[in-house]
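To keep things clear, I will list the structure first and then write my remarks on it.
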Amino acid sequence: MSADADVVFVNGEVHTLGEPDETYEALAVRDGRVSRLDSDYEVDFSVGVETDVIDLGGRVLLPGFVDAHVHFATTGRYRVEADLRDAADRGECVDALREQAAASEGWVLGWGFDESTWPDGAPTRADLDAVSETRPVAAVRVDMHTAVLNGVALERLDAAMPAGDVGEDGRIVENAVDALYEAVEPSPAEMRELLAAAQRHANARGVTAVHDMVRRSNAPAVYREMAAEGDLSVRVRLNYWADHLDALEELGARTNHGSEWVETGAVKTFTDGSLGAGTAKLSEPYADSGGTGQWVVEPEELREIVRRADAAGLQVAAHAIGDEAIEAVLDAYETETPNPGKMRHRLEHAELATDAQIERLAELGVVASMQPNFHRWTGADGLYADRLGPERRRGTNRFRAVADAGAHLAFSSDSMPLDPLYGVAFAVDPPTGEALSVTEALRAYTAGGAYAGFSEDRRGALAVGSDADLVVLDGSPWEADELTDVAVAMTVVDGDVVYDARP
């Protein structure tokens, strides 16, 4: 058998992002694995007649990004249904929904509005009634914990929505939003279209692996179908919602079961809501509303979920944003599991973690799965200043403190938006201080996600034998004036080029 490489990348700046970060000129790939890291001269000895030689033209090559917390179907919906993320006010939001109504049948759906910078506030039932008075219309906020419905949608979902989660002007939160999600669940064919659209977007952002949070969804079956047909260009880790726990136990599913393309990850559970919705559980009242948020899953129920999942050999990923919720998760991991670090149980978001909680998180070996792009709301005039006040907003998303405590830090986007370099830019220059270095931020988006997914032996850092999951950047993130100006030039998964924007 020939030892020639299938593909070699030459004339580049190849960073392993290991400990330490070593740099090379060239990298060779054979059978989907890195086979050599060396100089251009030495790697030339791996070139055979059929080897594909890719000249990087001085570009930077890194391990592919691992997004450790996404909602992939929602990412696809931004591209298939109304994308409300760029709306500058209610009028633009309503205009986008009207365009969607003209181009579709049935439900009129829009995703990702963020009214925190709008001069006229969030859309209302009356705004959505103006889109249609005969079809159900829904606009889902960027945090996915809040939505606004028109009259038809409110009437249709009335019996399924808890009264306490239905507010004025068509606004709904938490479990009422879950009722909406169930009502608009895509068919398998529609789900495949959404996942394919999300995959194209992820590849264009240098993402080679995702940890998808799936709930009462046909997405797992669709992913496996795509993998069997050779249509996956991201590696997928399925984090099943806790309402799948009975089925997972009955099937004997375990964390890390599956293939190199689709595997079982964690059991995902909520504790509290979000800061955007005012439902994150806080020990001190909100500055604007005076409330302290709400439990989406009560601490007693959380402990039972953790106990059962751990006993079944399943990792747990627990959503907790407010300090009260973070305390409940850490309590559950400490009391209901013999070794939370061994199972790499995860704390999702951890936005308002205190000093004591950060130290405790590190001592327990719990993975901090955090989202640097949430800093878009932490500025002095931002949403978090409104919700928490000018001082408390500085105590959010404390990546520096988490890293200094020695905790395992995994970065992700939560699909808000799915764009690692956007997140890295905030981690390096956050509005609240506690910045990471460029290398630390990149590692959190590569090795951090790999560790959270038990794949650090083959992903997250480049070495001979590691998966050939790579991202090529047009510029150096270490030298750029603005990290968001650095473009992804190429993405490689399993040694295959899945995205190429080079001229």
- prompt: Can we say Asp474 and Arg59 salt-bridge, meaning some charged N sits less than 4.0 Å from an Asp/Glu carboxylate O?
  reply: yes

is_close_aromatic(Phe399, His375), centroid dist under 6.0 Å: yes

query: Taking all atoms of both residues into account, what is the closest heavy-atom pair of Gly64 and Thr446, and its distance?
result: O-CG2, 3.7 Å

query: With sequence neighbours excluded, what pairs up with Ala461 under the side chain to side chain contact (heavy atoms under 4.5 Å, CB included) test?
result: none

message: Looking only at the aromatic ring of each residue, does the gap between the centers of Trp241 and Phe270 stay below 6.0 angstrom?
response: yes

message: So that I can tick it off, tell me whether Arg303 and Glu334 are bridged by a salt bridge, with the cut-off set at under 4.0 angstrom between side-chain N and carboxylate O.
response: no

task: Answer yes when Arg346 and Glu348 have at least one side-chain N-carboxylate O distance shorter than 4.0 Å, and no when they do not.
output: yes

message: Between Arg205 and Asp67 (salt bridge meaning N to carboxylate O under 4.0 Å), is one present in this structure?
response: no

query: In terms of side-chain geometry, is the basic nitrogen of Arg79 or Asp83 positioned less than 4.0 Å from the acidic oxygen of its partner?
result: no

query: Between Met490 and Val471, is any pair of side-chain heavy atoms under 4.5 Å apart?
result: no

task: Nearest 0.5 Å please: distance from the CD atom of Glu304 over to the CZ atom of Arg307.
output: 4.0 Å

query: Should Glu351 and Arg398 count as an ion pair when the cut-off is N to O under 4.0 Å?
result: no

- prompt: By ring-ring contact (aromatic ring centres under 6.0 Å, His included), which residues pair with Phe72, not counting sequence neighbours?
  reply: none

- prompt: Under 4.5 Å between any side-chain heavy atoms of Phe426 and Val428, yes or no?
  reply: no

message: Between Asp310 and Lys342, does any NZ, NE, NH1 or NH2 come within less than 4.0 Å of an OD or OE carboxylate oxygen?
response: no

task: Determine, for Arg502 against Asp500, whether the closest basic-nitrogen to carboxylate-oxygen distance falls under 4.0 angstrom.
output: yes

query: What is the ring orientation for Phe374 with Trp377, classed by angle as parallel under 30°, tilted 30 to 60°, or perpendicular over 60°?
result: tilted

- request: May I ask you to check whether His145 and His319 place their ring centers less than 6.0 Å from one another?
  value: yes

message: Looking at Glu263 and Arg235, is any side-chain nitrogen of the basic one under 4.0 Å from a carboxylate oxygen of the acidic one?
response: no

message: Under the criterion side chain to side chain donor-acceptor pair (under 3.5 Å), I'd like the reasoning laid out for Ser233 against Asn203: C-alpha separation, chi angles, the key distance, then a yes or no.
response: CA-CA 7 Å; Ser233 58; Asn203 290 157; 2.5 Å; yes

query: Parallel, tilted or perpendicular for His349 and His69, by the 30°/60° rule?
result: tilted

- prompt: Does Glu250 CD have over 12 foreign heavy atoms under 6.0 Å away?
  reply: no

query: Does Arg85 make a cation-pi contact with Tyr78 (under 6.0 Å, within 45 degrees of the axis)?
result: yes

- prompt: Distance-only, no hydrogens or angles: does the Asp467 side chain make a donor-acceptor pair with backbone N or O of Asp469 under 3.5 Å?
  reply: no

